[in-house]
Every structure is written in structure tokens, then in C-alpha cells.
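Just so you know, these numbers come straight off a predicted model, no measurement behind them.
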Amino acid sequence: MSDKSAPVFSHDLCAANTPQRRSVLRRWVDHGWLRPLDVAFAEFLSQDVPDAPPLLRLAAALASHQLGRGHACLDLAATLRDPAFALSLPPEGSTTAETDDPPPNPAEVLDGLTLSDWQAALEHPELVNSGIGHTPLVRVGTRLYLRRYWVYERTVIAAIQARLKRSEQIQITLPTAAIRQILDGLFPSAPRSGTASDWQKLACALAARSAFSILTGGPGTGKTTTVIKLLALLQALALADPNARTLRIRLAAPTGKAAARLNASIAGTIARLPLDALGAAAEQVRKAIPVTVTTLHRLLGRRPDTRRPRYHAGQPLALDVLVIDEASMIDLEMMAAVLDALPPSSRLILLGDKDQLASVEAGAVLGELCQRAAGSHYSPMTADWLAAATGERIDPKLITADATMLDQSIVMLRHSYRFPAGSGIGQLAAAVNAGDTKMVSALARRDFSDLALIALDEDLEQRFRALVIEGQVATSADPIRHGYRHYLQMLRDHQPAPDADLSVFDAWARDVLKAHAQFQVLCAVRRGVWGVEGLNQRIARLLADAGLIPASSGWYSGRPVLVTRNDYALGLMNGDIGITLPAPGTPDMLRVAFADGQGGIQWILPSRLQSVETVYALTVHKSQGSEFAHAALILPASLSPILTRELIYTGITRASACLTLVQTGRYQVLAQAVTRRVLRASGLMEKPL
């Protein structure tokens, strides 16, 4: 290790590769600490501008690396304060043998480097500027961006600011009395405890006066019900003018799975809307609310030859209102594309849980926008208007003088209808969100009807087998918790006759897919014995040994698969889950059955599926937008950078009825994970919106 006067970066950080010695960055690539893409980017800059200093090339490689970890930029100051946390080198699952001559870690490389030194090295007008021009890198204060992501961030900020400004004009023209009448009909009076406000009603009123609005809340807080009532309110207001037309409304979600879930829930909600107060216009309003949900990729019309979607500012979408569900999954690039494609006169409504994991790609847009959501921060003027428009009073503690325009467009739904007060899942999720490690550990050990724990002991393997096959946790006296036997028995016992109609096969496939969704193993990590890769092989062997599947590898009847990449030719999206079944008409051949989101079934030849993997075990990241009656969350034996409060919370809340926590290590892993937050470098909320 060099001394402070001669840090590692001054010697061989970015040195050209030679047979005798590889640069530090290339050695990081060799050990899986950086992507080849990251170093290739830095080397491209040095080829184009040979006099680029090593510190600039280091910053370029790390800025690229941060994009792969979900950050919009490299925060120079945070990296110097705590390199290991800011950079997470090495990443989850990488290993270095003692004989591998491991490269210096980030702390060693950056030892002796000051922020002013690093910023001075970035003063290179051919490669870095503050945004003006076309340099590949943009520096804003202590943040370094790849230009494309700086442009995305500025696009999002400018578009939201413009919509918040337009909201002021919408408020001037709103008929408050008419809103009150419609909302009183949509939300019939019901007894409520104490003086609690009806946040669903407040959310409808607040969103009605905004061109940009966010409805956030945990599972079961009624986000879908609320937005359907909001759309009824907007259509009713539009149709109050006899010369007006119905609003053009589109519903979308980031993934096919999330779109299918929303699609399945809205039709019944629309049918049950209490619209009697609208009189003769009731059915017209009901029919004017769409029941079809699409993915954002389909909505924007992605083209195979370019990153630019078909719809953009020059060719905007033909709509008046866009509703996006599961907005926590939207990355910065996608949010910029959506906002760019919206007509200036349209409304954007985002639904999502601010506490869930952010997108896999760069950015945590919803989480950043909702930083102040729990405290609401409504202005006295907003509170007075809401009282007039809804009859609801807001807790004075949520009214503040330092309210921002963005605060006035966000509502947090606070009551869960899914998890009652005594629910173990609900209490555990709340404790995780609060970062209360003592309560988390205590709840995990308590006896709940909807929450169970399998801890590290001598019976772990036996109990794990009982869990994944039967759904049992300890004894047969446990509540019904379906394991994988449930869907495989449905497949076997109800298989149609070979000459049955296609409609019979479709109904069977729907039942099998529904039964499969009753249980899912969720993992925090991909690698290792208790990661997705190891568990998918182990569970397949357990099911084969139990005689429930005919094989444990290759294509076989009963194999569940996850689509890992959008396939527009087949109409399949990343995150879609299908089940391999005997084919209609030719039962000796296999097809993979996928729900098409419209109540039908797609039967796809296995040979046509190029990007799928077995999905007995699913990462928590991939499970976003999904819900399972019984979820088993597997925690790895040791702490990993990927284990955070948001990941644990997201895994817990995928379960709608039963949750089993599987502790493969010590209790400290769960407690320590709850103390770690996802902190993504960004300048989105540097200034209040």
C-alpha cells in the first residue's frame, strides 16, 4: 500500500494493459467488481482525449458503474466519505481466492484523495462541463453524470415543474360545489373511528385539481379503488359540459405482471362504483373508464433500432389522462420518456408504494418525489379548499407554512384494508419501515396465524422441504399454506382429455396459473446455496424426488418459467410467468401457457422462448408488481450489500394471506438489513419542486 503522498491512483489505476501488469480498473473487472462496459467507457474517453488525467478516467468508470447499481450519477463526496458503501465493491456474490492477487479495494485506491483534487481533475472542457454543450460527462457540484442521465433528470424536473405550474390554472376553474356533490356520492358516509380523515376521498379531490399527482400507500390501502373513483370524478366533471367529450384515459404499468394485476382488479371495481348521484350520466361515466391496462413499453411504442420511443414531444400520445400503477418500478429513463411523450394539457397520475424497492435501472423517482409524503405538508390554503371540496378535515399537524407545490399534489393513503390490526404481516411490515430492529426480531418470533418463522436449526432442511412441497411450517395443524404440490396436483388431476376443445385447455391453464400464484419462494440474492440459482435447482430436485414433476431439468410438464426480457414478437414482457403444460390437441407435446392480460391464454412453443428461467424461486426485485397468497422469504446466511430495509419490506408485502420467513443464518441478518437504506445518488430533489 502506498503512503498518502503516493496513492494508488497515481501509479497504475488506468495504466495500459500489458502481459506483466493489468491496471487496477481491469483487475476489478477480472474479479467481477466492475463491468467490462465501465472500463471500456473510461478507455474510450482516454483514446479520444489522451491527456485525460487518471482521476478523470477513474471517475468516468465509476460513474458508469453507479448506473449499473441504480444511481443516476456518481456522488464524489459520498464516495470519498465511505467508498465501500457508496461503491459496493465487491458486489454480491463475487469471490476472490487468496491466490488470485486481489486488487486494492476502493478505500485503498482513494486513500489520500481530497474532493478538491478530484474536482480539479474533472476540469477538462473536452470531456466534462456543467451541462452546456455535448461533453460525455456533466458535473453539477459534487455529482458526476453521464450526459444522457443528466438530460433525463433535467427532463423530469422541468416536466414536473411545468405540470405543477399548470395545476394553479386548473384550480382556478374547478367547480368546488360540483366536486363535493360527486365525491359525497362516490364516498357514502360510513362510521369511522375518532376524527380520522377519509384519505381516499381527499386523494380524489387533490388529484382533481392537479396536472401531476401521486397516490402512495402500502399494500391494501385502496390505491386502485381510489384511482377508479378519481377517474369517475374526472369524467363526471368533463361531461358536465354538454358540448364536451369524454376524457381519453389510458392505464399503464411498468411490467406485464403489474399490468395484468391491475387489469384483473379494475373491472369489478368499476362495476361496483356508486354513481347514483350522477343520475342519467351514471352509465356514461362508468363506460368511459377504461378496463384495459398496457405496459409502458407498449404505450410508448418502443422501436427496435433506437432507444427513442415512437411517441415523444414531437409526436405526443393521444390522451387526456395517464394513470401509471406500480410507479416505484419506473426508472429515470422511462419517467423522462413518459413525461416527454405526454401532451402538455394532459394529466399524469402515479400510483405506488414509496417504501418499496426502487427500479432495477438507474433512479428512484417515486421514492425521491415522496420523501415528505408521510408528513403531507399541506398549505393552509390547500387544507381550506379540501374542507370545502370534501367535508374532510386534515390533522393540523399535517398543515405547514413551508409547503411546496409538489407537496400539494401528493396523498399518502394510511389505512390498510388488507392487513387487520392483529396481522403479523402488517405489524412486521410497519416495524421494518420504521427501522425498529427490536420489534422486528420480536414479531418474527411471535405466533401469528399469518406469519411464521423457520429458523436455523438441525431440522432446517426437513422443514424447508415440507414448506416448498406442502406449505407446512411446523406441523399439520398449521393454517393452510399452499406449497408447490397445490398447483402440480391441479395440473395432474384436472388435465383435459386429449380431444377436448381449446376453451377447456384454456380454462385448465388459467386454473393452474392461479393455483401456482398461491405460493412463491422469494430470495434476496441470486447466488449461493440460498439464492435463486441454487434454490431453483434444489426445489426442482425435491419435487422430482416427491414424484410431482417428471424431471428436474430441461423442459417438462409443470415447469414454471419467468420471462427475463421483453419479447414484443410474442407479446411477452419481462416478469411474465408461464407454466409448461401438455399442448391442446397434441398432449404429447409441450407448450408454455401465459395469461394474456385479457382473460385468455397464450400457448407458446418452448423453442420460441429465448429469455426465460425456471422460477420456483424468484428474487424480491423480480416479484415487484406481484402478489401471492403465501410467500416464503428466504434470508441468506450472511449480510450482503443488497439486503436493505426496502428489500425486506417489499418481500414481506408480496404475501397477501401468509408469510413464512426462512432464517438460514442468525437473527442479526434480519435486524441489520432493516437498518440499511437504499440511498441512490441523484439531483432530482436538490431543490424543492
*Do the side chain of Arg654 and the main chain of Ser626 share a donor and acceptor less than 3.5 angstrom apart?*
yes
*asked:* Set out, in order, the CA-CA distance, both residues' side-chain angles and the distance that settles side-chain contact (heavy atoms from CB on, under 4.5 Å) for Thr564 and Val612, then state yes or no.
replied: CA-CA 6 Å; Thr564 58; Val612 294; 5.9 Å; no
_Could you measure the distance from the CG atom of Leu262 to the CG atom of Asp325? Nearest 0.5 Å is fine._
4.5 Å
*To the nearest 0.5 Å, tell me how far Ile539 CD1 sits from Thr614 OG1.*
10.5 Å
*Atom SG in Cys204, atom CG in Leu230: separation rounded to 0.5 Å?*
5.0 Å
*Hey, is the main chain of Gly600 close enough, under 3.5 Å, to the side chain of Arg510 for a donor-acceptor pair?*
no
_Could you tell me if the side chain of Val532 sits less than 4.5 Å from the side chain of Val525, heavy atoms only?_
no
*asked:* Ignoring hydrogens, what is the shortest heavy-atom contact between Thr221 and Leu413? Give both atom names and the distance.
replied: O-CD1, 3.5 Å
*So, for Gly222 and Gln200, which heavy atoms are closest and what is the spacing to 0.1 Å?*
CA-NE2, 3.7 Å
*So, do Ile324 and Ile330 sit near enough that their side-chain heavy atoms are less than 4.5 Å apart?*
yes
*Residue pairs, two or more places apart or on separate chains, that pass salt bridge (charged side-chain N to carboxylate O under 4.0 Å, His left out) and touch residues 537-566*: Glu461-Arg538
*Cys523 vs Trp530 side-chain heavy atoms within contact, under 4.5 Å*: no
_Closest contact, heavy atoms only, Leu357 versus Val620_ = CD1-CG1, 3.9 Å
*Any sub-3.5 Å donor-acceptor pair from Arg591's side-chain atoms to Ala583's backbone N or O?*
no
_Residue pair Met439 / Leu443, side-chain heavy-atom distance below 4.5 Å_ = yes
_Run the side-chain contact (heavy atoms from CB on, under 4.5 Å) test on Leu535 and Phe464 for me, step by step, so that the C-alpha distance in whole Å, both residues' side-chain angles and the decisive distance to 0.1 Å come before the verdict._
CA-CA 11 Å; Leu535 280 175; Phe464 179 75; 3.5 Å; yes
_Check for me whether the distance between the ring centres of Tyr484 and Phe519 falls short of 6.0 Å._
yes
*Is there side-chain contact between Leu251 and Leu231, with at least one heavy-atom pair below 4.5 Å?*
yes
*Distance-only, no hydrogens or angles: does the Arg680 side chain make a donor-acceptor pair with backbone N or O of Gly363 under 3.5 Å?*
yes
_Using a strict threshold of under 4.0 Å (side-chain N to carboxylate O), is an ion pair present between Arg676 and Glu646?_
no
_Quick one, Asp506 and Asp501 - any side-chain contact, counting heavy atoms below 4.5 Å?_
no
*Between Trp603 and Trp508, how do the two ring planes meet: parallel, tilted or perpendicular, split at 30° and 60°?*
parallel
*Under the side chain to side chain donor-acceptor pair (under 3.5 Å) rule, what pairs show up with a residue in residues 409-432, not counting sequence neighbours?*
Ser210-Ser409, Ser376-Arg414, Arg418-Glu627, Ser423-Asp450
*Please round to the nearest 0.5 Å and tell me the distance separating atom OG1 of Thr226 and atom CG of Leu186.*
11.0 Å
*Identify the two heavy atoms, one from Ala373 and one from Met412, that lie closest to each other, and give their separation to 0.1 Å.*
O-CB, 3.9 Å
*Do side-chain atoms of Glu392 reach the backbone of Asp198 as a donor and acceptor pair under 3.5 angstrom?*
yes
_Taking the side chain as everything from C-beta on, heavy atoms only, tell me whether Val293 gets closer than 4.5 Å to Ile266._
yes
*Side-chain donor/acceptor of Asp331 to backbone N/O of Met334, under 3.5 Å*: yes
*Compare every heavy atom of Leu661 with every heavy atom of Ala444, then report the nearest pair and how far apart it is.*
CB-CD1, 4.3 Å
*Is there a donor-acceptor pair under 3.5 Å between the side chain of His630 and the backbone N or O of Cys658?*
no
*With side-chain contact (heavy atoms from CB on, under 4.5 Å) as the test, would you mind laying out the steps for Leu467 and Thr660 before giving the verdict?*
CA-CA 9 Å; Leu467 170 68; Thr660 300; 3.9 Å; yes
_Short side-chain to backbone donor-acceptor contact, Gln602 and Leu570, under 3.5 Å_ = yes
*Considering all heavy atoms of both residues, which atom of Thr216 and which atom of Lys223 are nearest to each other, and what is their separation?*
C-CD, 4.2 Å
*Decide if atom CZ of Arg250 counts as having more than 12 heavy atoms of other residues, nucleotides or ligands within a radius under 6.0 Å.*
no
*Please say whether more than 12 non-hydrogen atoms of neighbouring residues, nucleotides or ligands are located less than 6.0 Å from CE in Met490.*
yes
*Is a side-chain donor-acceptor pair under 3.5 Å present for Asp353 with Tyr649?*
yes
*For Ala442, does its backbone N or O pair with a side-chain atom of Arg446 as donor and acceptor, under 3.5 Å?*
no
_Over 12 foreign heavy atoms within 6.0 Å of CG, Asp493_ = yes
*Report the distance from atom CG of Leu590 to atom CD1 of Ile579, rounding to the nearest 0.5 Å.*
12.5 Å
*asked:* If we ignore hydrogens and angles and just use 3.5 Å, is the side chain of Gln520 paired with the main-chain N or O of Tyr616 as donor and acceptor?
replied: yes
*To the nearest 0.5 angstrom, please state how far the OG1 atom of Thr653 sits from the CZ atom of Phe419.*
7.0 Å
_Is there a side-chain contact between Val561 and Glu613 in this structure, where contact means two heavy atoms from C-beta onward sitting under 4.5 Å apart?_
no
*For side-chain contact (heavy atoms from CB on, under 4.5 Å), just list the numbers for Leu542 and Leu548, CA-CA rounded to whole Å, side-chain angles, deciding distance to a tenth of an Å, and then say yes or no.*
CA-CA 9 Å; Leu542 288 174; Leu548 294 172; over 6 Å; no
